[in-house]
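Nothing fancy with the numbering, it's 1 onward along the sequence. Please read all numbers here as calculations on a predicted model, not as lab measurements.
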Amino acid sequence: MAVFIAVYIGMATGGIPRLKVDRAWIAVAGATLLILIGALSVETAAPLVEIDAIVLLLGLMILSAQFDLAGFYGRCAEFVVRTGDKPARLLAYIVALGGFLSAILVNDIVVFALTPVLCAGVRAKGLDPRPFLLALAGAANAGSAATLIGNPQNILIGQAGSLDFFRFILVCGPPAIMACGVVWLVIWAMWRKRWVLAGGSGGALPPVAFDRGAMTKALVATAALLILFATPIPREAAALTIAVALMVSRRFASRDLVARVDWNLLLLFAGLFVVTGAFSEAGWSTSTGAWMQSLGFAPDRAMPLAVASLVGSNLIGNVPFVVVLLQVAPNMSADTLHALALLSTLAGNLLIVGSVVNLIVAESARQQGVRLGFMDFARVGIPVALISMTLATAWLVAGGWLVW
């Protein structure tokens with residue numbers, strides 16, 4: 001229990017003060033400590049790692065990396081910047097682009113690839129990059145809520161509940177689209193008189209390399225994956241098959257694709273699986289679930305689940321929150337799992353710490369000389385998260401998937 005608490009304090013703080021360690025290292029260190037103190041053995045720890053979820057995420061990251069190497073993300077960002085002749089229209093294009101790509105590809109890699117190009121392109125138009133980068137982060141979170149493959153927590157929830165890929169879109173797609181609209185509206189209202197960058201234009205838009213053959217291969221692979229998702233073949237096997245096929249290339253070395261995989265996120269998953277699995281094996285998840293029920297928490301009720309998602313996702317991050325809730329309440333219905341995926345994802349827009357996407361955009365922007373701090377995210381994220389979660393909760397109740 002002490003190790004579990006220490007790990008989740010690390011999830012909340014994002015690291016250890018004065019040390020350059022992150023959440024993934026903390027999760028792996030916690031799992032290692034459990035083995036060292038004898039709470040687990042290597043043999044008992046290994047089955048706790050849900051390898052199917054990790055394999056599915058790995059395969060999707062390699063597919064997304066193929067798009068990146070083909071120059072697709074850069075070309076999309078370039079097109080959006082060149083055709084967005086007015087700031088409000090450019091903002092709408094960025095929201096649409098970030099939301100759509102994050103629904104069909106893993107959102108972490110989408111924002112990692114788009115942020116530098118958007119920074120340069122928006123500056124070249126003499127505009128402040130900050131509202132547009134906040135729009136990218138908000139739309140990436142909101143859009144990724146629409147599908148089972150949009151973000152890591154949805155992948156985990158889909159695997160845990162064996163959810164149907166296309167039914168998930170029917171339930172979560174409409175509120176995800178509404179949330180993208182909320183992102184545009186809030187940022188437009190807050191920044192509509194402050195678009196222009198002090199000092200004028202920041203230079204020319206950098207050229208973007210584009211490989212048509214690699215792009216064709218990426219599109220064919222995506223179409224094949226969606227077809228496989230409609231068959232009885234396990235999703236992780238389908239994704240891994242596509243990933244292996246993408247490795248066979250005369251244009252790119254396999255190491256180029258592998259280098260774009262977010263191994264840190266996969267380590268975070270593995271470590272959290274072991275720590276929360278040990279927590280459950282020791283009986284703590286059952287007692288914690290009973291305690292939460294005594295406080296009135298019921299995951300099949302809309303308001304308690306929305307509040308828990310909002311608090312948990314911004315206290316320890318939406319991925320760790322989902323991992324621990326699946327242990328505490330392991331028998332959630334498919335409707336409740338749909339709601340958990342949707343609400344925990346939208347909650348990630350509240351604060352910079354709520355989602356890995358926010359941290360990636362902030363760090364990538366910093367490398368481009370653009371500072372996005374805690375308050376920049378909070379001013380936009382708080383109204384975005386509260387409004388979009390209210391709309392999503394109302395949708396879930398109106399559709400009969402949850403009760404108030």
Side-chain angles (χ1 to χ4, degrees), residues 72-103 107 110-144 176-208 346 348-352 355 357-358 360-388 391:
F72 173 69
Y73 297 131
R75 183 59 65 88
C76 285
E78 181 185 53
F79 175 79
V80 163
V81 170
R82 290 193 187 281
T83 56
D85 52 341
K86 296 181 179 179
R89 184 177 298 174
L90 175 59
L91 185 72
Y93 287 168
I94 290 173
V95 169
L97 177 67
F100 175 73
L101 291 181
S102 295
N107 59 1
V110 169
V111 298
F112 180 78
L114 288 178
T115 299
V117 184
L118 284 178
C119 273
V122 171
R123 276 174 162 170
K125 296 175 77 71
L127 301 175
D128 189 337
R130 290 178 296 169
F132 302 99
L133 295 178
L134 291 170
L136 175 63
N141 284 320
S144 72
I177 294 171
M178 289 189 286
C180 286
V182 171
V183 171
W184 180 88
L185 184 61
V186 169
I187 295 178
W188 174 83
M190 289 186 172
W191 289 84
R192 66 185 185 278
K193 297 180 180 179
R194 298 186 290 138
W195 302 116
V196 179
L197 183 67
S201 175
L205 187 67
V208 176
L346 297 181
N349 270 330
L350 187 79
L351 301 173
I352 190 174
S355 166
V357 161
N358 299 346
I360 291 173
V361 170
E363 176 59 22
S364 185
R366 184 189 66 80
Q367 293 174 5
Q368 304 300 316
V370 179
R371 186 183 182 280
L372 283 172
F374 182 88
M375 289 308 300
D376 294 309
F377 275 90
R379 289 189 191 99
V380 169
I382 290 174
V384 165
L386 294 180
I387 295 170
S388 60
L391 293 173

Just wondering, are more than 12 heavy atoms of other shown residues or ligands nearer than 6.0 Å to OH in Tyr93?
-> yes

For the student: nearest non-hydrogen atoms of Leu346 and Ser388, plus distance = CD1-O, 3.9 Å

Validation row: Ile387, Leu185 side chains within 4.5 angstrom (heavy atoms) | no

Test item: Asn349 side-chain N/O and Gly138 main-chain N/O as donor-acceptor pair under 3.5 Å | yes

Short side-chain to backbone donor-acceptor contact, Trp184 and Ala88, under 3.5 Å | yes

Short side-chain to backbone donor-acceptor contact, Arg192 and Ala189, under 3.5 Å | yes

Do the side chains of Phe377 and Leu351 get nearer than 4.5 Å, heavy atoms only?
-> no

How long is the gap from CD1 on Ile177 to CG on Leu391, to the nearest 0.5 Å?
-> 13.0 Å

Straight-line distance of Leu97 CG to Tyr73 OH, nearest 0.5 Å | 10.0 Å

Work out which heavy atom in Ile352 is nearest to a heavy atom in Ala362; give both atom names and the distance.
-> CD1-CB, 3.8 Å

Trp191 vs Arg194 side-chain heavy atoms within contact, under 4.5 Å = yes

Within the side chain of Ser364, is there an N or O that forms a donor-acceptor pair under 3.5 Å with the backbone of Ile360?
-> no

Val111: which of Leu133, Leu101, Leu136, Asn141 passes side chain to side chain contact (heavy atoms under 4.5 Å, CB included) | Leu136

Between Gln368 and Arg123 the two heavy atoms that sit nearest each other are O-NH1, 2.7 Å

Minimal heavy-atom distance between Gly99 and Cys180, with the atoms involved, is CA-SG, 4.2 Å

Worked check of side-chain contact (heavy atoms from CB on, under 4.5 Å) between Leu118 and Phe132 | CA-CA 8 Å; Leu118 284 178; Phe132 302 99; over 6 Å; no

State, yes or no, whether a side-chain contact exists between Lys125 and Val81 at a heavy-atom distance under 4.5 Å.
-> yes

Residues Leu127, Leu90; criterion side-chain contact (heavy atoms from CB on, under 4.5 Å); working and verdict | CA-CA 11 Å; Leu127 301 175; Leu90 175 59; 3.9 Å; yes

Of all the heavy-atom pairs spanning Val370 and Cys119, show the shortest one and how long it is.
-> CG2-SG, 4.1 Å

Hey, does Asp128 have a side-chain heavy atom less than 4.5 Å from the side chain of Val196?
-> no

Ala365 and Leu372 have their tightest heavy-atom pair at CB-CD1, 4.2 Å

Supply the atom-to-atom distance Ile382 CD1 to Met375 CE, rounded to the nearest 0.5 angstrom.
-> 7.0 Å

